[in-house]
Amino acid sequence: MADQDAQFPAGAEPPALPTLRWEEPPEGPVLVLLDQTRLPAEEVELVCTDVPALVQAIQVLAVRGAPLLGLAGAYGVALAAARGYDVEEAVALLERARPTAVNLGSGVRHAAAAYREAVAKGAGSEQAAASALAAARELHRADAEASVRMAAHGLALLQELVPGGGHRILTHCNTGALVSGGEGTAFAVALAAHRTGRLRRLWVDETRPLLQGARLTTYEAARHGMAYTLLTDNAAGSLFAAGEVDAVLIGADRIAADGSVANKVGSYPLAVLAKYHHVPFIVVAPLSTVDLATPDGASIEVEQRSGQEVTEFTVPSVLVAGSDAGIGAGMPVAPLGTQAYNPAFDVTPPELVTAIVTEQGAISPVTGAALADLCARSRQVTIS
Ligand SMILES: CSC[C@@H](O)[C@@H](O)C(=O)COP(=O)(O)O
């Protein structure tokens with residue numbers, strides 16, 4: 001096990017990560033992304049000047065995680081509009097770039113609606129593009145604010161469910177500033193615990209096959225000087241059995257109307273383990289990840305990715321710093337022709353979820369009615 005203890009004095013905060021930003025150089029507007037396929041070996045920026053480049057970045061996971069996909073989608077529409085590309089074509093390309101995270105489609109539709117409304121009101125192309133950009137920026141701000149509120153609600157819930165001293169939190173995938181306009185979802189709660197001296201240890205699942213935990217969560221945890229330990233996904237069971245986990249905190253890519261949670265593959269087995277060991281299993285996600293139009297877990301489309309990600313170690317930036325190969329050109333670990341099962345996500349049923357924490361508060365137990373009620377109350381807050 002790789003082990004990393006807190007190295008930085010409390011209160012020394014690293015600069016915010018340049019996860020995603022809009023820039024307007026003289027050659028025309030661009031969307032600048034921190035290329036997550038190259039972390040933690042290198043901090044390399046990826047400059048998208050058109051929508052196909054952004055779609056490619058989304059598909060190789062250079063930009064990833066549900067809230068950030070929403071922002072990328074919205075800025076992608078703004079980019080198409082500002083550069084004079086066919087906006088409806090851009091909308092179609094972006095919406096289907098990846099299927100599971102509901103935020104991608106809703107972010108795209110949010111910016112597209114602003115663009116179309118401006119056009120319908122007689123705006124010129126420049127003005128309509130400005131409307132799309134304003135809508136993307138609005139989502140960006142809302143996501144940053146949601147992060148702050150989720151962290152506060154999540155920390156309060158953690159204190160309630162796991163009273164006493166330092167928490168030992170197990171997390172899966174990456175849910176920090178790399179997936180958000182702010183400090184993230186589940187990771188933001190762990191960070192709040194760290195900042196208030198309540199985090200004893202962050203257990204980080206490596207998250208096979210693309211290693212979002214091993215590469216990205218450790219990177220974020222190290223930047224903040226958190227006490228963290230990396231484990232292989234299949235070591236989680238023995239960690240629970242040893243009584244070393246106080247709570248599981250994960251994010252979500254889509255939460256169906258019945259409270260089923262789609263998240264990075266490997267989340268469901270953690271929920272089963274947590275239930276068996278009487279450990280709270282807490283999902284932290286903004287309301288933008290709740291999809292009341294999807295009735296249940298079985299209706300969530302789970303992205304199936306190339307088997308090559310399993311039959312090869314496919315993160316060359318970790319293996320070969322400076323390589324330009326990108327994800328998908330790794331080192332073979334199975335005989336040629338081996339078939340692989342590679343769903344990117346799995347679905348956890350609501351009865352295994354102790355609580356869902358959103359920016360508008362938490363629900364526990366998780367039921368369709370409680371979720372609908374939370375969404376309805378949040379609409380009232382937004383409207384009033
Ligand atoms: C706040 S992030 C929540 C989820 O998007 C995250 O846990 C996750 O599953 C990301 O998957 P990825 O395939 O890396 O985009």
Side-chain angles (χ1 to χ4, degrees), residues 17 19-20 33-37 39 55 57-73 97-107 143-144 146-147 149-151 154 170-191 204-217 219-220 233 248-255 261-271 281-291 300-306 309-310 314-315 327-328 342-348 353 356-359:
L17 278 170
T19 305
L20 169 151
L33 311 168
L34 182 59
D35 183 347
Q36 299 191 27
T37 66
L39 291 172
V55 167
I58 290 171
Q59 290 175 341
V60 301
L61 274 57
V63 56
R64 47 155 293 282
L68 190 68
L69 287 173
L71 302 185
R98 289 185 78 191
T100 305
V102 65
N103 302 63
L104 176 57
S106 59
D143 189 56
S147 269
R149 295 169 68 112
M150 283 185 284
L170 174 64
T171 194
H172 191 67
C173 198
N174 169 259
T175 61
L178 288 170
V179 298
S180 165
E183 290 188 326
T185 60
F187 185 86
V189 176
L191 188 53
V204 181
D205 261 8
E206 64 174 352
T207 318
R208 281 279 293 151
L210 296 180
L211 305 176
Q212 289 92 330
R215 297 187 300 112
L216 308 176
T217 302
Y219 168 76
E220 292 204 45
D233 298 348
V248 178
L249 287 181
I250 62 157
D253 283 82
R254 188 180 298 248
I255 300 175
V261 175
N263 191 52
K264 177 54 55 193
V265 67
S267 299
Y268 169 60
L270 288 181
F281 183 87
I282 302 168
V283 173
V284 186
L287 284 169
S288 57
T289 300
V290 177
D291 175 19
I300 297 175
E301 184 183 348
V302 171
E303 175 184 4
Q304 302 292 323
R305 294 185 63 86
S306 161
E309 292 178 347
V310 178
T314 51
V315 192
I327 280 186
N342 189 21
F345 303 96
D346 58 24
V347 178
T348 300
V353 180
I356 294 178
V357 176
T358 74
E359 68 274 35

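Read the numbers this way: they start at 1 and go in the same order the structure lists the ligands and their atoms.
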Between the candidates Lys264, Met150, Arg64, which shows the shortest non-hydrogen contact distance to atom 13 (O) of ligand 1?
Lys264
Distance under 4.0 Å to a non-hydrogen atom of Thr175: what atoms of ligand 1 satisfy this?
2 (S), 7 (O)
Give the C-alpha distance, both sets of side-chain angles, the deciding distance and a yes or no for side chain to side chain contact (heavy atoms under 4.5 Å, CB included) between Leu178 and Leu39.
CA-CA 10 Å; Leu178 288 170; Leu39 291 172; 3.9 Å; yes
Output the list of atoms in ligand 1 that are nearer than 4.0 Å to some heavy atom of Thr185, sorted by atom number.
1 (C)
Which ligand 1 atoms, with their elements, are less than 4.0 angstrom from a heavy-atom of Arg98?
12 (P), 13 (O), 15 (O)
How far is atom 5 (O) of ligand 1 from its nearest protein heavy atom, and which residue and atom is that?
Ala66 N, 2.8 Å
Are any non-hydrogen side-chain atoms of Ile250 and Phe281 less than 4.5 angstrom apart?
yes
List every atom of ligand 1 that sits less than 4.0 Å from any heavy atom of Gly65, numbering the atoms from 1 in the order shown and giving each element.
5 (O), 10 (C), 15 (O)
Side chains of residues 57-73: which donor-acceptor pairs under 3.5 Å do they make with residues two or more places apart or in other chains?
unit_1 : atom_1 : unit_2 : atom_2 : d
Gln59  : NE2    : Ala97  : O      : 3.2
Arg64  : NH1    : Gln36  : OE1    : 2.9
Arg64  : NH1    : Asn174 : OD1    : 3.1
Arg64  : NH2    : Asn174 : O      : 3.0

Within the 4.0 Å heavy-atom shell around Val179, which atoms of ligand 1 are there?
1 (C), 2 (S)
Hey, is ligand 1 close enough to Leu61 that some N/O pair sits below 3.5 Å?
no
Once you restrict to heavy atoms under 4.0 Å, what part of Leu210 touches ligand 1? Side chain, backbone, both or neither.
neither
Below the 3.5 angstrom mark, is there an N/O of His172, backbone or side chain, next to an N/O of ligand 1?
no
Atom 8 (C) of ligand 1: closest protein heavy atom, distance to 0.1 Å, is Asp253 OD1, 3.2 Å
Between Thr289 and Asp253, is any side-chain donor less than 3.5 angstrom from a side-chain acceptor?
no
Which atoms of ligand 1 are found less than 4.0 Å from any heavy atom of Gln212?
12 (P), 13 (O), 14 (O)
Tell me, please, which residues at least two apart from Thr207 pass side-chain hydrogen bond (donor to acceptor under 3.5 Å, both in side chains).
none
Only one of Ile300, Val265, Val302 passes side-chain contact (heavy atoms from CB on, under 4.5 Å) with Asp346, and that residue is Val265
State the CG-OG1 distance between Leu34 and Thr37, to the nearest 0.5 angstrom.
9.5 Å
Any heavy atom of Pro67 closer to ligand 1 than 4.0 angstrom?
yes
I'd like to know if the side chain of Thr175 reaches the main chain of Gly184, judged simply by a donor and an acceptor atom lying under 3.5 Å from each other, with no hydrogens or angles considered.
no
For ligand 1, is there an N or O atom under 3.5 Å from any N or O atom of Asn263?
yes
For ligand 1, indicate whether the residue Ala252 contacts it via side chain, backbone, both or neither (heavy-atom separation under 4.0 Å).
backbone
